[in-house]
Structure formats: C-alpha cells, structure tokens
Amino acid sequence: MSPVKIGLLLPYKGVYAPLSDSIDRGFQVALAEYGGKIAGRPVEIIRADDELTPSVGVQKFNKFVQLDKVDLVAGVVSSSVAIAVSELADRGKVPMIFANAFADEITGKFCSPYVARTSFSANGFQYNSGKYWASKGIKTAVTMGPDYSAGRAFLGAFRRGFEEGGGKVVQEIWTSFQKTRDWGAALSQASNSGAQIIYAFYGGSEAVQVVKQHADFGLREKMPLIGDQWVYDEALWPALGDLAVGAKHITVHYPDIDSDANRKFVAAYREMFKEEPDVSAALGYDNGKAILLTFDKLGGKMPEDRSRFISTMRGLNFDAPRGKIRFNAQSSALLEKVYLVEIVRGADGKLKRKFIDEFAGADDLPGCTKSF
C-alpha cells in the first residue's frame, strides 16, 4: 500500500534549531500513537530545512510537491517563511498545516482554503496577556523583540491588550533578527525609560543572550524581564542556569497540566526521548495529531479537491496536551487557555514550572477576505 507522504519543513539549523528538534519530536509522538499508519497506510515523513529564509522555504516547498509528491506540507516556525509558502499552497492547491507561524496575516490577509494553523495566532496568545498584566498593577512597560513579522505581531498584540487594559507601553525597542549579539544599547534604552517591566519576545540562542545580558545590567530586580514560553523555553534552561529561577512567563503548555491528554503525551514523550517535553514539542504533537485525525476522518486518503482536507480539519474538536483544540472559520486553531507559570526548583533540585494563574486566549484578528 502506498504511503501517506508528509513534508516536514523546519529550520533545523541556526537560532531556532532547538525549537525545530522539539517540534519534530512531538510530531513523532503523535505518529507513534497511530503506530506509524493511518487507515492501514504507512506514513512517510520527508524533512527539509527552510533556513528561516522565505526564498529557501519556497524552494523546499516546491521540491516537496514536484519531486517528493507529498500529500501535504507541515511544520514551519518562521512567520516570514509561512507567509511565502502560504501563497504557494494557495496557488498550487496543496494543503499546508502550520505547527508554529503565528503572524496574524496567515489567517488574515493571506488566508487560504488550503492553509490551516494548529498552533494559534499572535493576537490569540498575547492580547489577553497584555490585559492580564495591566490588571495586576503593571502600568508601564517597554516591549523588546526581534524586528521581523512574528516579533511585530506578538508584541503588537501585547501592546493592544495592555493599553486597552489601562497600561502604557512607553517604548518599543526592536533588534535585528539573527544579527544582534550585543543587547547593551537596547537594555540601556529600556533602563532609562522608567518603565516597570520589559515585556519581551525572543527565542533560541537570542533568548539566552537577552536573559543573560539583562542580568548583567543589574535589571532583574529593577525592571523584570517578563515574556512568553520562548524567552524561558525549557530547552534553554541548561544555558540559563540560576537565571531561569523566579522567571514568570506565559505559556500554552507545561508538563504538569492536569488532564488525561497531557499525562498521556508527557508519558509517551518521556518514554521515547528520556526527557520532559517543552512547549514546542507539544505544538509539534498538536500539528501531527490534527493531521492524522483529519486523514482518519477521510479514510486515509487525500481528497481530489484538497481543500476538503482543510475543511475537514476545521471541523475537529479534540483534547490536546494544552487543552481543547477547535478551529475558527479561517482554519486557525484557537487557544482555550493561556497559563502563567513561574520557574522554580523542585524538591529534587531540578527546575520546573509552577502554576500561578490562567486566562482565556483571545480571538484572531479579522482580515480574511477570501470565501471558504
């Protein structure tokens, strides 16, 4: 029986390599749950590195479709790459299922009947975070992040929520993505602003450098660095050491979520990889699980009209490690919950996340003009 072919497009090298490895591992856990088959057909994963570069992503997407003859493409971390391949998917009528790629435009301006997102939008994740911190007595903030589509989307959403909640972003500081090594100038600007907190979005090696230099500047007490799950990603803890202790951040997943779906996922991940899953692993699992559930509903076959794959996925409603996943009319998964956690040392001396609070995710921004 011929295999179901899935192209997995991720930046396996460079600043986001740790995220990609975790997404890939989470995808493998979902596949193992199905015994590597769907409706009796073996599932073949073909991997490619997009190098966090839109032109490379386009090249690899075309190879998947033209040479590898994949049924669909999954993965993608960078929103810039995602926007580029969204247009290809729409034009070529090839399903593209994003595992990350949070820019609002993906299910707004660049929405397509051939594109779905199993993660969530930037607005869905960060808007209510802004409102939350404003409600907790934080009145002034500096935002700081990489100057590219995802950074602008995440921190823009935080600002909208924070200011609607009564706070004020007194300064927005943007750093060159993949080029900045010294954050001294940015941290000096933040320190001189007089704001109560720095709210940041960074990931991978950039997050490590920002957290370390923030501490070197003596700002940990004066101006806490608050952010999301990527600034304080579990994969970065060995590099951060004690600097991670006490850090508060928002996340969509942590290993101690009290649900059957999460306990099953965490146990399977530990069994396969001998370590705790980080949030990117959970997102990779969600990506794989949604794809496999959709194939299952379609009897293991890709419909001749491939938009039916996306419309079938849009009808899913399932329990995932992070909570209930359902999709909106533009095929973007919604966030049932966002968790606020603090990194602490457990009784065994190891770092872990402690639950502090939770709030609902927000809706996607409007902007999709295509008919589905």
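Quick caveat, the model's predicted, so the values are computed rather than measured.
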Worksheet item: What pairs with V94 under side-chain contact (heavy atoms from CB on, under 4.5 Å), at least two apart in sequence or on another chain?
Response: F61, V65, R306
Discussion item. Is it the case that the ring center of F201 lies less than 6.0 angstrom away from the ring center of F177?
Written reply: no
Worksheet item: When the ring centroid of F102 is compared with that of W230, is the distance short of 6.0 Å?
Response: yes
Worksheet item: Among D364, D363, N328, T107, which one satisfies side chain to side chain donor-acceptor pair (under 3.5 Å) with S121?
Response: D364
Is any side-chain heavy atom of [X] closer than 4.5 Å to a side-chain heavy atom of [Y]?
X	Y	result
R159	K168	yes
I291	F309	yes
K301	D71	no

Worksheet item: Remaining members of Y232's ILVMFWY cluster at a side-chain heavy-atom cut-off under 4.5 Å?
Response: V142, M144, V170, I173, W183, L187, I198, Y202, V208, V210, V211, F217, L219, M223, L225, V231, L236, W237, L240, L243, V245, I343, L351
Fill in: Residues which pass ring-ring contact (aromatic ring centres under 6.0 Å, His included) with F27, listed by chain and number, not counting sequence neighbours
none
For the residue pair [X] and [Y], confirm or rule out a side-chain donor-acceptor distance under 3.5 Å.
X	Y	result
K222	S191	yes
S22	D278	yes
Q229	Y254	no
E358	Y132	no

Item to complete: Hey, could you give me each pair passing disulfide bond (SG atoms under 2.5 Å apart) that has a residue in residues 69-133? Not counting sequence neighbours.
Response: C111-C368
Worksheet item: What's the spacing between Q178 CD and S78 OG if we round to 0.5 Å?
Response: 8.0 Å
Worksheet item: What distance separates S79 OG from N100 CG, expressed to the nearest 0.5 Å?
Response: 8.5 Å
Practice prompt. Return the set of residues passing side chain to side chain donor-acceptor pair (under 3.5 Å) with N262 (not counting sequence neighbours), or none when no residue passes.
Written response: H253
Fill in: Contacts of K69 that satisfy side chain to side chain donor-acceptor pair (under 3.5 Å) - sequence neighbours left out
none
